[in-house]
Amino acid sequence: MTELTVVHGGTVVTETGEQPLDIVIEDGVIGALMHDASAIEGHRIDARGCTVLPGGVDIHTHLREPSAIDREGFHTGTASAVAGGITTVGEMPQAQPLVRDLESFAIKHELAEAHSICDFALYAAAVGQDRDELIALYDAGVTAMKAYMCESSPGYPRLDDPGMVACMEVLAEIDLPLIVHAENDDLLSAGLARMAAAGRRDPLAHAESRPPLVEVEAIARAVRFAAHTGARLHVAHVSTPEGAEIVKTAAATGVRVTCETCPQYLLMDHSDLNRLGTWARCAPSIRAREDVERLWDYVLDGTIASVGSDHSPYTVAEKEAGLEDIFKAPLGLNVIQVMLPAVRDEAVNRRGMSMSQFARLSATNPSEIVGLRPRKGAIAIDADADLAVWDLDAEWTVTREQLFTKHPWTPLEGTRIRGKVRTTIRRGEVVYDDGAVLGQPGSGAFLIGRQGAAATHA
Ligand SMILES: [Zn+2]
């Protein structure tokens, strides 16, 4: 029997703009968008006075299962996500065993199936697999490969230049994107050695150990390889305007490259790194104010296609190890729940971004990048009914008590924000409402990318 739900009375942000619409949901899918659905019987969700955005699609998360379940997990991480208006996550292969073959993929898949509230896509680590191994991962439903260009994450070997070209040649053939962490390995090692030799342990030494050049050079090189191989490249967590400019120029000449940035590179600068120290240590580093301002230009002009959280939490004790020595602070932040409200407030309320562009930045584009369109990423007929109902006038301050993550710290604590997610709906089901997470762990669905679309059309 068809189950009908009507989200009524809200201003709806569709792909063509904002207008007052009722959304009719049939069995978890958007069945109709109409000006007045009052004649339709069904469960009703009142969105009067609110704005309805597509559920956020965060294609850059580290939810830490299996090995680092003490830091986070699919349950707590996605509870935090839905409380921040996110309904789909893309999970990086980081935790051990590193997702690199069918066996490790199956372990990750089973844990996500068991615990995730969000729908989820999974990636595998590009660490030098051969063609058959890459195709096997693709067939298993991996929606992207992820490569580190530097040694930065324990247990995750970097991919060297020949390895990256070889990987991209196969990925071009099967049209699977490569997501890269772009930092130059040699320059980074030299920077860390330089800070050690100088006896530096202060927060800004972290930024000085990996200055913009470290990222910019690696982006240029990865883009060159994408141009050479024809592969799709997505540059994760771009923190420099120069890096974004390289992507913009290459994309204009037909190179298949997109890029992302994260809230930490848009909302924080060196003064925050200096103030927060270990609580703001991440890679790439948070940048100088002048870089932050210029990075925004590339967000507003659409060069930076997506915003991702790079949510990678640690326990308080692990982070406290960096209080006296910034280089003892593990690299990673806890931002998934606050990301969309904080970025939207700055982008729309202070920098003039339209709500439609915010929908593209936070949902439509990231879905496209990892092959989840048209099922995910927009409020449109036949798409999954993934919706976030926002009260755009609500003013609030970020506190630890609001967070559903396993270790409730965030560098954005204390931030004053206008605009709050009131209700989050995933495939028609209310998974978050007014401060309470209602979605059950294990209710999230596994998403495959274009493989699925190709199979359907075969
Ligand atoms: Zn990451």
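Read the numbers this way: they start at 1 and go in the same order the structure lists the ligands and their atoms. In this chain, residues are counted from 1 in sequence order. From a predicted model like this one, the values you see are computed outputs, not experimental measurements. Just so you know, these numbers use all the heavy atoms, side chains as well, and skip hydrogens, waters and symmetry mates.
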N/O/S from H237 sitting under 2.8 Å away from the Zn ion (ligand 1): no
N, O or S atom of H181 closer to the Zn ion (ligand 1) than 2.8 Å: no
Check: C167 and L171 side chains under 4.5 Å, non-hydrogen atoms: yes
F120 and F74 aromatic ring geometry - parallel, tilted or perpendicular at 30°/60° bounds: tilted
Which N, O or S atom of D310 lies nearest to the Zn ion (ligand 1), by name: OD1
Aromatic plane relationship, H237 with Y265 - under 30° parallel, 30 to 60° tilted, over 60° perpendicular: perpendicular
Angle subtended at the Zn ion (ligand 1) by NE2 of H60 and NE2 of H62, nearest 10°: 100°
Crowding at CD, E324 (>12 non-hydrogen neighbours, <6.0 Å): no
